[in-house]
2 protein chains.
Amino acid sequence: MLSRIGDKWSVLVVSYLGPGPMRFNELKKGIGGISQKMLTATLRNLERDGFVSRTVIPTRPVSVEYELTQLGHCLLVPVQALAQWTIANIARIDAARAAYDARPPE
Amino acid sequence: MLSRIGDKWSVLVVSYLGPGPMRFNELKKGIGGISQKMLTATLRNLERDGFVSRTVIPTRPVSVEYELTQLGHCLLVPVQALAQWTIANIARIDAARAAYDARPPE
DNA sequence: ATCCTAGGTTACCAACGGAAACCACCGGAA
DNA sequence: TTCCGGTGGTTTCCGTTGGTAACCTAGGAT
């Protein structure tokens, strides 16, 4: 169960959808490191678990909008806490990592 | 960067180490679904990133104790928030999943 | 007719993770 | 002595996952 929530792409997608609905290619461009395949798979799973809703909009080239559901917004709270913690502590992690890598290889 | 924190085993290990130090096999038994290989790898990475400390205790069969560092305890806060959210909302996720799976295959 | 864009799906392949075997150390039992 | 058990790992093999890139569908513009 934690495996779905602990999935790195899911966390990122939920974070990106926090401010408001986004289209498929917006997400893809915004997240940056994700492959199209994984983005579709991640969105399918998030939809299945009730975190996001998928809406097909009949524009000229059909566009698809993804949006957090109520449950998704609710999940966003702890997820953003984690994301903000990470941002606030990257420097400390990098420092620890550098110290670890630089220590004598016993 | 989120990839290390978003890793499901890391989240679990940090949660288990929350209350206090644990030995290798205690962790393995407690977590339950983890392979020995992944537990060692996860602990190495957590140690490298400064979240846990590794202490070899010279008992009769040498035992190894893992403990959260100050940074690890700090990370524990948002991680536990996420874990508790999950526990509190498993039912809703399961319901959404059942509804998704049961819906007409269009 | 052909191309382009949006959103996917598929084929192929490299890398990751799990299971289980093996290893090193040490003390005690046979 | 030799064997066994219990620590904390490492290695080998193999199945699954994820990335890359090509292809697909449908509508509009050129």
Side-chain angles (χ1 to χ4, degrees), chain A residues 1-17 20-49 51-68 100 103 105-106, chain B residues 1-17 20-49 51-68 100-101 103-106:
Chain A
M1 187 61 65
L2 273 172
S3 21
R4 183 114 331 128
I5 291 173
D7 173 47
K8 70 171 177 174
W9 293 131
S10 300
V11 170
L12 278 174
V13 169
V14 169
S15 300
Y16 270 81
L17 288 179
M22 286 182 87
R23 302 227 318 275
F24 186 88
N25 280 332
E26 275 185 289
L27 276 172
K28 191 177 163 218
K29 196 151 54 92
I31 295 180
I34 194 170
S35 67
Q36 196 153 351
K37 177 178 161 185
M38 279 317 295
L39 182 53
T40 39
T42 302
L43 287 168
R44 285 281 179 287
N45 284 325
L46 289 174
E47 190 194 355
R48 186 165 104 102
D49 289 347
F51 296 130
V52 308
S53 64
R54 178 178 184 274
T55 320
V56 177
I57 301 172
T59 49
R60 0 319 177 223
V62 275
S63 53
V64 182
E65 219 174 52
Y66 293 92
E67 183 176 12
L68 288 187
Y100 183 97
R103 77 179 193 187
E106 78 224 51
Chain B
M1 187 60 67
L2 274 173
S3 21
R4 182 111 336 125
I5 291 173
D7 173 47
K8 71 170 176 173
W9 293 131
S10 300
V11 171
L12 279 173
V13 169
V14 169
S15 301
Y16 269 81
L17 288 179
M22 287 182 85
R23 302 226 319 276
F24 186 86
N25 280 333
E26 275 185 290
L27 276 172
K28 191 177 163 219
K29 195 153 54 90
I31 295 181
I34 195 170
S35 68
Q36 198 152 352
K37 177 178 161 185
M38 279 318 295
L39 183 53
T40 41
T42 302
L43 287 168
R44 285 280 179 287
N45 284 325
L46 289 175
E47 189 194 354
R48 186 165 104 101
D49 289 349
F51 296 130
V52 308
S53 63
R54 179 177 184 275
T55 320
V56 178
I57 301 173
T59 48
R60 0 324 172 210
V62 275
S63 54
V64 182
E65 219 174 51
Y66 292 92
E67 184 177 11
L68 287 187
Y100 183 97
D101 292 345
R103 75 180 194 185
E106 78 223 50

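Residue numbering restarts at 1 for every chain, and letters A, B, ... go by the order of the sequence lines.
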Could you give the distance from CG (B:Asp49) to OH (A:Tyr100), rounded to the nearest 0.5 Å? 10.0 Å
Please collect all salt bridge (charged side-chain N to carboxylate O under 4.0 Å, His left out) contacts where either partner lies in residues 37-47 of chain A, sequence neighbours excluded, each pair once. A:Glu47-B:Arg103
Heavy atoms of chain A, cut-off under 4.0 Å: which first and last nucleotide of DNA chain D, 5' to 3', fall inside that, if you could look? D:dG18 to D:dG27
Tell me the interatomic distance from A:Lys28, atom NZ, to C:dG8, atom C1', rounded to whole angstroms. 10 Å
Produce the list of close N/O pairs, under 3.5 Å, pairing protein atoms with atoms of nucleotides 27-30 of chain C; give distances to one decimal.
none

To the nearest 0.5 angstrom, please state how far the CG atom of A:Leu39 sits from the NZ atom of A:Lys29. 13.5 Å
Hey, is the main chain of A:Gly30 close enough, under 3.5 Å, to the side chain of A:Tyr16 for a donor-acceptor pair? yes
Side-chain touch B:Phe51/B:Asn45, heavy atoms, less than 4.5 angstrom: no
Can you check the A:Glu26 CD to C:dT5 P distance for me, whole Å? 16 Å
CZ of B:Arg44 versus P of C:dC16: gap in Å, rounded? 18 Å
Less than 4.5 Å apart, side chain to side chain, heavy atoms only: is that true for A:Leu12 and A:Ile34? no
Kindly compute the distance separating CG (B:Leu27) from CG (B:Leu17), expressed to the nearest 0.5 Å. 5.0 Å
The reported gap from CD1 in A:Ile31 to CE in A:Met38 (rounded to nearest 0.5 angstrom) is 11.0 Å
Check the distance between C:dT5's C1' and A:Arg23's CZ and give it to me in whole angstrom. 10 Å
Salt bridge (charged side-chain N to carboxylate O under 4.0 Å, His left out) filter on B:Arg23, not counting sequence neighbours, yields none
Degree of bending in the helix from C:dA1-D:dT30 to C:dA30-D:dT1 once both end axes are built from five pairs, to 10°: 40°
Between protein and nucleic acid, restricted to nucleotides 18-22 of chain C and to nitrogen or oxygen atoms under 3.5 Å apart, what atom pairs and distances do you find?
unit_1	atom_1	unit_2	atom_2	d
C:dG18	OP1	B:Trp9	NE1	3.4
C:dG18	O6	B:Lys37	NZ	2.5

Value rounded to 0.5 Å, distance of CZ in A:Arg54 from CG in A:Leu43: 9.0 Å
I need the CG-C1' distance between A:Leu43 and C:dT9, as an integer number of Å. 15 Å
